[in-house]
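Encoded as C-alpha cells, the structure appears first; notes follow it.
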Amino acid sequence: VDPNTQRPTVQRHPPPQQQQRGRRTSNSRRQIQSPELRASLRRRRFTMFSTDAAAEEFANERHNRGRRLGIRTSMDFSGMLLDAYGSTDQLQQHAVLETMMNVADVAHTMQSFGVFCKWNRRLYKEFYAARLKGRLTFDPEENWYENQIGFFSHYIIPLSRKMKTCGVFGTTGTVFEYFATENKKRWIEDGEEISEEIIREVKEEVEREQRMANEVLSNGCHSCGMALY
C-alpha cells in the first residue's frame, strides 16, 4: 500500500516474451568467452576514418550513417573471424587506399570534359560490342545520356567528396569534386547531343570492324582451300 495515497501498489513486470528475450541476450553475452571475439565485438562499434578530425566528427554525430568507410572485422563461411587490421591506423590507411582505388577506376570523370567524353565513348563501345555478342543483358543505347547524369549524382560526386574529406591531398583534394561537378553540368547541357554522336559513330565503327574481320577470315580460308558455308 502506498503510504501517500493509501492505494495498493501494482508491481509491473515485463511480459514473459520480453523476460525470455532479456535472459537470452544476457546468456549470449556470457557465452562469449573467446578474447578474440570479445575484442572484435568491441572494435566493431567503432567507425574509422582517414583523419582524426573525421573520427571526432563522427563521434559527435553518431546518427550520421553516411560517413562509414568500411568493415574492420568479417567472418568466413566456417565461422572464423577475419580481423585484417591490427590498429586504427591500419584501417584508416586501408580506407584511404580503397577510396583512391575507386577514384582511379573512374578517374576520367574527375578530369577535363574532353577526357571524360573520350573514355565515355570507349566505355559505350565496349558495352555495345558485348551486347552484340550476347554478353550484356541490357541495351547501352537506352538512356545513355540520363544514366551518366545519375552516375555522377549517386556515385561520382559522393566519391569525390569522400576523397576531399579524407584529407590526404590537402587543399588540392578539392579538384576531384570540382571536375566531377563541372563535368556533370557540362554533360547536362551538351551530353544529349554527344550521346547521339557516340551511339552513331560507335555503330558505324563496329560494323566497319566486323566487315574487315570477315574479309580477313574469308581471304584466309580461301588461301587454305577451305569452303565457306
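None of these values were measured; they are calculated from a predicted model. The figures that follow rest on heavy atoms only: side chains count, while hydrogens, waters and symmetry mates do not.
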From CG (L97) to CG (N102), nearest 0.5 Å: 11.0 Å

Can I157 be reached from M101 by stepping across I, L, V, M, F, W or Y side chains whose heavy atoms are under 4.5 Å apart? no

Among residues two or more places apart or on two chains, list those pairs meeting side chain to side chain donor-acceptor pair (under 3.5 Å) that have a residue in residues 146-155. N120-Q148, S153-K184

Could you list all the salt bridge (charged side-chain N to carboxylate O under 4.0 Å, His left out) pairs where at least one residue sits in residues 192-201, not counting sequence neighbours? R121-E201

Working to the nearest 0.5 angstrom, can you tell me the gap between E207 CD and L132 CG? 8.5 Å

Any chance you could measure K125, atom NZ, to R122, atom CZ, to the nearest 0.5 Å? 9.0 Å

Approximate separation, where rounding is to 0.5 Å, of R186 CZ and T181 OG1: 15.0 Å

Can a donor-acceptor pair be found, under 3.5 Å and without considering hydrogens, that links the side chain of Y145 to the backbone of I188? yes

For the pair T109 and F179, evaluate side-chain contact (heavy atoms from CB on, under 4.5 Å) and give the outcome as yes or no after the intermediate values. CA-CA 7 Å; T109 63; F179 279 111; over 6 Å; no

Given M163 and M100, is the side-chain contact (heavy atoms from CB on, under 4.5 Å) satisfied, shown in steps? CA-CA 7 Å; M163 198 70 224; M100 293 175 66; 3.4 Å; yes

From OH (Y128) to CD1 (I199), nearest 0.5 Å: 10.0 Å

Would N183 and M110 satisfy side-chain contact (heavy atoms from CB on, under 4.5 Å), going step by step from the backbone distance to the final call? CA-CA 8 Å; N183 286 338; M110 303 180 195; 5.9 Å; no

Which other residues end up in the same hydrophobic cluster as W119, if Ile, Leu, Val, Met, Phe, Trp and Tyr are linked when side-chain heavy atoms come under 4.5 Å apart? V115

Output for pair (E209 CD, E205 CD), nearest 0.5 Å, gives 5.0 Å

Please enumerate all residues that pass side chain to side chain contact (heavy atoms under 4.5 Å, CB included) together with T174, with sequence neighbours excluded. K164

Has R131 got a side-chain atom pairing as donor or acceptor with T137's backbone, closer than 3.5 angstrom? yes

Closest approach of V175 to T172 (non-hydrogen atoms, all atoms of both residues): CG2-O, 3.0 Å

According to side chain to side chain contact (heavy atoms under 4.5 Å, CB included), who are the partners of I194, at least two apart in sequence or on a separate chain? F113, C117, W187, D190, I198

So, using salt bridge (charged side-chain N to carboxylate O under 4.0 Å, His left out) as the criterion, who are the partners of K203 when residues are at least two apart? E141

